Amino acid sequence: MTGTQHTQQTAHLLPLDPELVRRARALAAEVGAPIVDLARRHTTVSVERATLRLAGLTGADAEGSPWVNRLVDAVRGEVGLEHGVTLPVWDALVRGEAEDLATLAQKAAAGSVRFRLPEGSDAEPARRAARTALELGIGRIDARRREREALVGELGDPERTPWIYLIVATGDIYEDIPQAQAAAREGADIIAVIRSTGQSLLDYVPEGATREGYAGTYATQENFRLMRAALDETSRELGRYVRLTNYASGLCMPEIAALAGLERLDMMLNDSMYGILFRDINPVRTFVDQRFSRQVHARAGIIINTGEDNYLTTADAVEAAHTVTTSQLLNEFFAKEAGLEDWQLGLGHAFEIDPDVKDSFRLELAHALLARQLFPDAPLKWMPPTRHMTGDVFRGYLLDAFFNLAGMLTGQGILLVGMMTEGVVTPWLSDRDLALQNVRYVRDAAGGLVEDFRPPPDGFIARRAHQVLGESVELLERILRHEHGLLDSIADGTFGLMRRPADGGRGLDGVVEKADGYTNPAAELLEGDG
Amino acid sequence: MTGTQHTQQTAHLLPLDPELVRRARALAAEVGAPIVDLARRHTTVSVERATLRLAGLTGADAEGSPWVNRLVDAVRGEVGLEHGVTLPVWDALVRGEAEDLATLAQKAAAGSVRFRLPEGSDAEPARRAARTALELGIGRIDARRREREALVGELGDPERTPWIYLIVATGDIYEDIPQAQAAAREGADIIAVIRSTGQSLLDYVPEGATREGYAGTYATQENFRLMRAALDETSRELGRYVRLTNYASGLCMPEIAALAGLERLDMMLNDSMYGILFRDINPVRTFVDQRFSRQVHARAGIIINTGEDNYLTTADAVEAAHTVTTSQLLNEFFAKEAGLEDWQLGLGHAFEIDPDVKDSFRLELAHALLARQLFPDAPLKWMPPTRHMTGDVFRGYLLDAFFNLAGMLTGQGILLVGMMTEGVVTPWLSDRDLALQNVRYVRDAAGGLVEDFRPPPDGFIARRAHQVLGESVELLERILRHEHGLLDSIADGTFGLMRRPADGGRGLDGVVEKADGYTNPAAELLEGDG
Amino acid sequence: MSALMRPYGDTTGDGMVQLSFTLPMPHGKKAEGAAQQLARKMGIEPAMVVHAKPIGPSFTFFVVYGSVSHLVDLDEVKVVEREYPLLSPKETNLAIRTLLRRRMVVVGACIGTDAHTVGIDAILNIKGFAGEKGLEYYREIKVVNLGAQVSVPDLLAAARAEQADAVLVSQVVTQREAHLRNTRELATAFRQEWAEGEGPVLVVGGPRFDEAMAGELGVDRVFAKGTTPADVASYLVHALAARRGVDPTAPAPAAEELQEEPA
Amino acid sequence: MSALMRPYGDTTGDGMVQLSFTLPMPHGKKAEGAAQQLARKMGIEPAMVVHAKPIGPSFTFFVVYGSVSHLVDLDEVKVVEREYPLLSPKETNLAIRTLLRRRMVVVGACIGTDAHTVGIDAILNIKGFAGEKGLEYYREIKVVNLGAQVSVPDLLAAARAEQADAVLVSQVVTQREAHLRNTRELATAFRQEWAEGEGPVLVVGGPRFDEAMAGELGVDRVFAKGTTPADVASYLVHALAARRGVDPTAPAPAAEELQEEPA
Ligand code: B12
Ligand code: B12
Ligand SMILES: Cc1ncc(COP(=O)(O)O)c(C=O)c1O
Ligand SMILES: Cc1ncc(COP(=O)(O)O)c(C=O)c1O
């Protein structure tokens with residue numbers, strides 16, 4: 001999916017001031033730089049666990065505690081994580097404490113192995129062994145990426161944009177699979193398996209195939225594998241590559257990113273601030289985890305989906321429109337810094353304006369066009385109405401139609417298909433079918449309207465877009481005026497009215513400041529690439 | 001409702017060739033002229049009955065046969081109708097056969113009165129008496145028109161176009177009334193009481209309040225009165241004048257027009273060819289009845305609604321698009337000839353293209369814009385999808401939304417609101433409520449899109465509109481090539497694929513060629529005005 | 001596929017359905033309770049009244065979601081499965097020749113005040129339906145289409161005059177069960193004219209008929225939505241053959257004639 | 001308004017309803033028959049299956065219209081009508097002062113894995129809901145909002161530490177009846193901590209609760225969709241007064257203080 005496809009017809013609809021656009025980007029970079037610095041200076045338990053996962057450590061103990069958790073905890077308990085988990089672990093392996101990672105983890109859990117921080121010449125063999133293991137691991141991700149490229153080459157991409165994105169959310173991977181396959185057959189280009197409530201706050205990744213999620217299914221390596229295999233089958237049946245999405249979000253963001261790379265997921269929800277604002281996860285933890293996970297995504301050829309839509313579920317979509325733009329600019333900066341390319345930036349935004357607001361649809365068009373023109377080469381992810389969806393499913397079906405129309409008129413890249421039951425239940429099989437019918441009608445009957453849609457340069461839409469961009473620049477300036485920039489503004493409620501101080505929130509105890517000799521071959525390999 | 005309102009924003013969207021437009025109108029006039037001539041040369045039982053109704057004759061016998069029927073039949077039986085019903089009737093009254101029309105009709109029905117055709121000096125008193133009676137009758141229509149104008153002046157018209165037109169169709173006037181009032185409260189500007197199936201083929205107008213219609217309620221003077229009174233009440237409650245519509249169509253077209261004038265109905269369905277094509281009513285009967293009924297409408301200040309939408313329920317809306325345009329041009333010609341002004345021409349057209357046709361919505365826009373630009377001062381009546389509405393009421397709700405959008409984008413004057421249950425049942429109370437919600441959303445959220453809708457002059461929409469106009473001109477030329485022009489083309493299936501020869505169809509026996517001394521003071525009064 | 005099943009929302013056996021209706025009472029907690037009660041009586045438990053909107057002062061519209069407790073028992077589903085072989089126009093023509101040794105005469109109409117001819121035309125006119133040609137296209141069928149709003153006496157007169165083998169009647173308007181009433185009236189008149197098993201085959205059709213109702217309505221066959229001309233032609237062959245007690249698809253006497261068939 | 005009524009389509013007493021659902025079986029006449037059977041079991045007779053669409057090879061979606069035979073009996077509708085007077089913030093503040101002679105302490109949270117805080121925030125935060133200010137705005141109420149995904153033990157600990165008069169819990173996710181399960185778990189833990197009628201007043205709320213279920217769930221009160229802060233504040237005053245056996249709206253000792261009230 002190349003940017004040109006989405007933008008050819010909508011590229012010059014708004015007369016945006018190029019100077020203002022440049023200024024907005026420069027400000028985002030200025031805001032983001034200290035955060036990157038912060039992220040470089042820390043590691044987290046999840047980054048270290050992700051490293052072990054990349055090195056091939058899988059499985060869990062009898063209570064379901066993953067071996068990566070047991071091993072990292074053991075190392076942390078004995079020698080700390082300031083130098084990273086790899087040095088002590090491969091040192092132990094080199095020393096012959098166990099023949100492989102899995103055995104080592106088991107012994108460590110049993111307390112039958114001692115770790116140390118190898119120094120001087122002792123360190124070199126450990127370092128080399130770790131590097132080899134991780135080269136292998138990263139190699140597996142590279143292989144999966146090539147595999148995807150080959151499949152896309154063979155089966156082909158959807159013929160048109162926006163790509164059609166549908167969710168399944170039964171909580172049971174074995175109900176999810178047939179529903180996902182049915183959705184793909186009816187026209188979905190992308191399937192997202194929604195995650196069980198609460199998983200984002202688990203500081204470990206559950207194991208195995210699962211059937212007991214609430215309003216979503218646990219993200220596990222086995223569930224990833226099962227669903228990807230099923231969709232590969234369906235892709236062949238349909239002669240088009242059906243993509244799979246999950247969440248690299250929450251306390252285990254880096255690990256899930258690694259699993260996504262290993263199981264050839266194609267897109268991942270991954271936002272720079274969602275966990276902070278909506279899950280009260282510690283800001284530092286989030287930024288560190290986020291940078292590593294994005295490096296993995298960059299390497300794996302995964303498209304990220306950012307979460308700007310979420311702002312508009314709690315804040316007003318008109319008043320807070322500029323916070324979406326601001327977040328998009330920041331997400332873009334962080335993503336590019338982590339090595340992601342434009343085509344991997346599924347920047348989020350949403351159709352969430354109160355439908356009772358006069359001209360709501362045209363306001364949506366203004367916002368959507370603004371995003372389109374600010375990020376001409378990114379496959380924007382356009383999210384449907386949720387907040388103003390009620391139990392009136394007929395009205396819901398209507399709102400979704402206008403959402404679809406806005407998607408077509410403004411050249412969005414990824415269309416998350418809205419469900420008429422949004423205000424009621426997680427999607428039913430029939431909801432998806434009806435929703436796809438809605439998309440098809442709007443696209444085929446009215447999609448060509450892009451030819452006729454020419455907002456005047458001094459008209460309502462152009463003026464609104466200009467206003468939002470202006471407010472976004474002001475917001476970035478306001479953030480810069482804080483002593484500690486972004487961290488302070490997150491603390492004082494600038495975003496979504498939520499106050500999240502840098503020393504508060506969940507998972508702070510999993511953050512570790514790196515010592516001078518910190519080593520992480522995975523990070524080095526990914527950084528080199530970035 | 002002035003034309004300017006609808007057209008201000010959509011007037012110049014299509015680059016129509018003014019020469020071709022002029023040519024189309026000239027051809028329509030050429031096609032229509034002989035039909036006007038034919039209509040002038042004939043009268044019908046219904047025209048004569050309408051004349052008696054205007055003179056104040058009401059009521060029916062014990063079997064429900066209206067006195068106007070009994071009286072006209074008696075006169076016809078004795079002296080024929082070639083000279084009109086008024087001469088023999090008022091002659092009898094002048095001669096003292098009965099003290100008033102009602103008594104005369106009863107006596108005539110009982111066979112206890114003799115009619116004659118007064119000649120020479122005998123004729124003059126009869127003629128004068130008839131003229132006086134009909135001046136009074138037309139005066140009542142004039143008074144009703146002034147009454148409407150006063151109410152509109154006092155209560156006001158809807159603030160915006162399109163006007164919202166809703167139907168009720170319970171079959172029972174006493175269920176219709178609360179439903180109509182509810183619809184008006186929810187936002188309807190116009191209420192149409194759908195007529196019972198089969199009434200169009202009745203050669204009399206039923207009497208009194210009725211409760212036993214099928215899929216519609218009988219058009220009777222009493223039902224008209226009851227509903228108009230109820231809506232007057234609601235108009236005052238709402239502070240806006242709610243209009244009432246019924247059908248001047250079928251075998252009693254002229255009489256129903258007269259009743260509409262007398263009971264202050266505001267709009268009437270009245271098409272120049274509907275009865276011929278869709279009810280197999282004799283063409284001559286139809287054209288004669290139609291001219292008289294339009295003269296009444298002109299005088300009464302009633303807006304007519306033509307029936308071009310019906311073509312598209314049997315013919316394909318893309319292939320037959322030009323037949324709609326052709327019929328609109330003919331309806332316009334006949335209407336103006338009968339004295340109607342532009343603001344009274346609710347020319348019909350409909351959103352009936354198969355939704356599975358690629359670009360169906362833009363084709364609809366092209367057709368709707370063509371009508372808008374051809375008839376810039378007429379309050380076009382835009383009809384919703386019916387034919388492609390299925391039992392999938394969700395999809396139905398979606399199609400209706402796009403119909404509404406097309407209505408807004410192309411500046412239609414009267415929007416007949418579509419029902420999601422079109423494919424299933426006559427509208428339920430809740431269907432109307434949901435449908436109005438749909439209209440409101442589309443209008444308020446997206447109506448302003450007219451500012452941004454600018455089909456390029458060489459684009460898909462402009463090209464399609466030009467094509468349809470061209471095909472319509474060709475069709476008019478083809479009609480003119482027939483020996484007897486329009487009558488022959490109606491006979492050979494040019495319209496809606498239905499063959500209707502001039503000497504076939506229902507109601508032919510009610511057509512009478514006028515004799516030299518034919519008199520009809522009502523016709524004279526209306527003609528003078530026309 | 002088991003014989004017992006429940007509706008499917010997003011999990012096997014969840015029984016989930018969506019329901020909407022209006023109650024003639026003002027909006028309020030009482031109305032929501034009433035909606036809940038109705039849903040419960042329909043077997044929806046638990047029922048979520050997810051939308052309640054006043055329609056004016058004396059009506060309230062509801063949307064309800066919930067799990068219905070009833071089981072669908074497939075073994076008890078009675079369906080009118082096609083009781084005759086589906087023939088191509090060629091085969092139909094051949095069978096008619098074999099069976100009648102003359103053309104089959106079919107008289108069609110919309111009776112009562114119903115003026116919806118598109119359905120019967122779809123079956124009778126050459127143009128046909130769903131890509132299939134209508135009965136007029138069949139060389140061995142003579143079609144007399146009387147059109148709309150035909151009275152029952154007129155229809156019977158035409159059937160007699162044409163010596164019809166079959167009478168086909170369409171009914172589309174269903175308000176106050178007009179279609180059922182009109183059909184019953186027709187069937188009664190028919191039976192006064194011809195004894196059971198005699199006279200033309202009597203067929204009615206329309207989008208809202210239940211095909212299982214033929215017996216109850218007193219007609220030979222009912223066709224519902226989605227019917228195609230070949231369904232009807234094949235049925236007529238089958239019915240006429242059955243009356244004569246023969247197998248219409250037995251080898252024809254003049255099979256070589258097949259060559260000149262247009263169909 | 002009579003106590004017995006039927007749904008209203010377009011005529012009094014017609015009983016018309018609309019229904020949609022999916023059956024896990026391939027599309028076909030059998031499936032339409034199955035849909036008809038289900039509709040009949042739900043009391044819809046005659047049922048028109050007006051739409052049937054295959055969803056892949058093993059599911060079919062239906063839309064049904066028809067007349068339901070059940071009567072709604074308004075006399076049997078049980079509604080939780082407001083059992084307490086609705087107070088203005090001013091009156092609430094005054095009543096609390098009279099009743100407690102100190103501020104009322106309210107602890108709120110979303111428990112379990114539910115992270116939907118908008119609902120509880122609408123009740124608690126100053127910003128409020130539907131134009132009404134939330135409980136934080138009430139001078140005499142101290143609000144401790146613990147936010148989302150709070151575990152039951154943490155909630156109980158906070159309630160103890162704050163000496164809460166009331167505990168307010170929100171549950172929005174209903175899949176697999178998560179909201180009911182979590183509420184029951186909470187109620188059990190609560191009853192282990194405090195005897196019936198002791199400890200804080202326990203209130204749950206969320207859009208899909210049935211307000212009649214309080215007893216069954218073991219909580220003092222349930223609030224459903226559309227609840228406003230004043231509903232909750234008024235209820236709390238009422239409940240605390242009831243526990244003390246007094247009338248909370250009796251004349252206050254310090255009525256002159258009313259002047260300085262912001263509310
Ligand atoms: C086209 C149409 C019209 C056209 C009819 C033109 C014509 N020459 O037929 C016009 C515009 C004239 C019209 C007028 C009216 N209509 Co109309 N119309 C429709 C519409 C949009 C489509 C019907 C159609 O053509 N379907 C296509 C055909 C191919 O399908 P079919 O009829 O089901 O036929 C198939 C099968 O059922 C079967 N079949 C049918 N008949 C037979 C017979 C035999 C023997 C066999 C074997 C099979 C068979 O085979 C066919 C092919 O598969 C429907 C709404 C809709 N979307 O369904 C409303 C609809 C049928 N109309 C309706 C009404 C109420 C009217 C009016 C009465 C309104 C009024 N009061 O003015 C008028 C008056 C007509 C009258 N006197 O009967 C209602 C009926 C409501 C009800 N359930 O009772 C409908 C459902 C719209 C609505 N929701 O209100 N209508
Ligand atoms: C906003 C929203 C979110 C936001 C939440 C932000 C936040 N801080 O709360 C975000 C984007 C984070 C989110 C995420 C998810 N959501 Co969500 N979300 C919604 C949405 C769009 C609106 C809910 C809302 O804010 N309503 C407005 C408030 C004011 O209404 P309310 O909650 O009903 O509260 C009122 C009353 O109920 C009552 N009340 C409520 N609580 C209490 C408590 C007390 C004590 C009292 C007295 C009264 C009371 O008073 C309030 C005012 O009247 C709904 C869909 C919809 N349109 O309803 C889905 C919805 C609730 N979400 C849903 C789901 C499944 C999720 C996810 C689990 C999906 C996933 N797997 O990722 C996630 C994870 C969240 C989690 N772990 O719980 C589902 C729940 C389905 C179900 N019935 O089980 C819904 C219905 C969407 C859907 N159809 O799938 N969501
Ligand atoms: C970026 C991101 N992560 C995660 C989620 C899901 O929430 P949870 O944290 O409950 O898994 C969302 C919401 O859709 C999101 O946008
Ligand atoms: C002009 C006109 N007359 C009459 C009708 C109604 O049909 P009927 O003749 O059955 O009353 C229509 C259809 O809507 C129409 O457009």
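For clarity, every value in this text was computed on a predicted model and none was experimentally measured. Heavy-atom basis, side chains included; hydrogens, waters and symmetry copies ignored. Residue numbering restarts at 1 for every chain, and letters A, B, ... go by the order of the sequence lines.
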For side chain to side chain contact (heavy atoms under 4.5 Å, CB included), just list the numbers for C:Lys29 and D:Glu211, CA-CA rounded to whole Å, side-chain angles, deciding distance to a tenth of an Å, and then say yes or no.
CA-CA 10 Å; C:Lys29 288 205 168 179; D:Glu211 299 199 343; 2.9 Å; yes
Quick check on D:Gln37 against chain C: is it the side chain, the backbone, both or neither that has a heavy atom closer than 4.5 Å?
side chain
Think D:Arg6 forms a cation-pi with D:Tyr8, using NZ or CZ under 6.0 Å from the six-ring centre and within 45 degrees of its axis?
no
Side chains of D:Asp231 and D:Tyr84: does their closest heavy-atom pair fall under 4.5 Å?
yes
For D:Val68, which atoms come within 4.5 Å of any heavy atom of chain C: side chain, backbone, both, or neither?
side chain
Is the shortest side-chain heavy-atom distance between D:Phe61 and D:Phe21 below 4.5 Å?
no
CG/D:Leu135 to CG/D:Leu124 distance, rounded to the nearest 0.5 angstrom?
5.5 Å
What residue in D:Val64, D:Thr22, D:Thr12 has the most heavy-atom pairs under 4.5 Å with chain C?
D:Thr22
So if I take each residue of residues 166-189 of chain D and look for any heavy atom under 4.5 Å from a heavy atom in chain C, which residues do I end up with?
D:Gln175, D:Glu177
Less than 4.5 Å apart, any side-chain heavy atom of C:Val203 and any of C:Tyr235?
yes
Counting heavy-atom pairs under 4.5 Å with chain D, the top scorer among C:Leu71, C:Asp10, C:Val72, C:Val80 is C:Val72
Between atom CG of D:Leu217 and atom CG of D:Asp220, what is the distance when rounded to the nearest 0.5 Å?
11.5 Å
Can you tell me which portion of C:Gln36 sits under 4.5 Å from chain D's heavy atoms? Options are side chain, backbone, both or neither.
side chain
So, the part of D:Val79 with a heavy atom under 4.5 Å from chain C: the answer is side chain
Would a 4.5 Å heavy-atom cut-off, applied to side chains only, mark D:Leu19 and C:Gln18 as touching?
no
Give, for atom CG of D:Leu74 and atom NZ of C:Lys30, the distance between the pair rounded to the nearest 0.5 Å.
6.0 Å
Side chain, backbone, both or neither: which part of D:Asp14 has a heavy atom under 4.5 Å from chain C?
neither
With a strict 4.5 Å heavy-atom criterion, list every residue of residues 38-59 of chain C that contacts chain D, or say none.
C:Leu38, C:Lys41, C:Met42, C:Ile44, C:Pro46, C:Met48, C:Val49, C:Val50, C:Phe59
Taking atom types as modelled, is there a side-chain donor on D:Thr228 or D:Glu132 under 3.5 Å from an acceptor on the other?
yes
Do C:Val17 and D:Ser20 have side-chain heavy atoms sitting under 4.5 Å apart?
no
For the pair C:Thr60 (side chain) and C:His27 (backbone), establish whether a donor and an acceptor sit closer than 3.5 Å, ignoring hydrogens and angles.
yes
Euclidean distance, C:His238 NE2 relative to C:Arg221 CZ, rounded to 0.5 Å:
8.5 Å
Top of C:Asp210, C:Val63, C:Asp73 for chain D proximity - count of heavy-atom pairs under 4.5 angstrom
C:Asp73
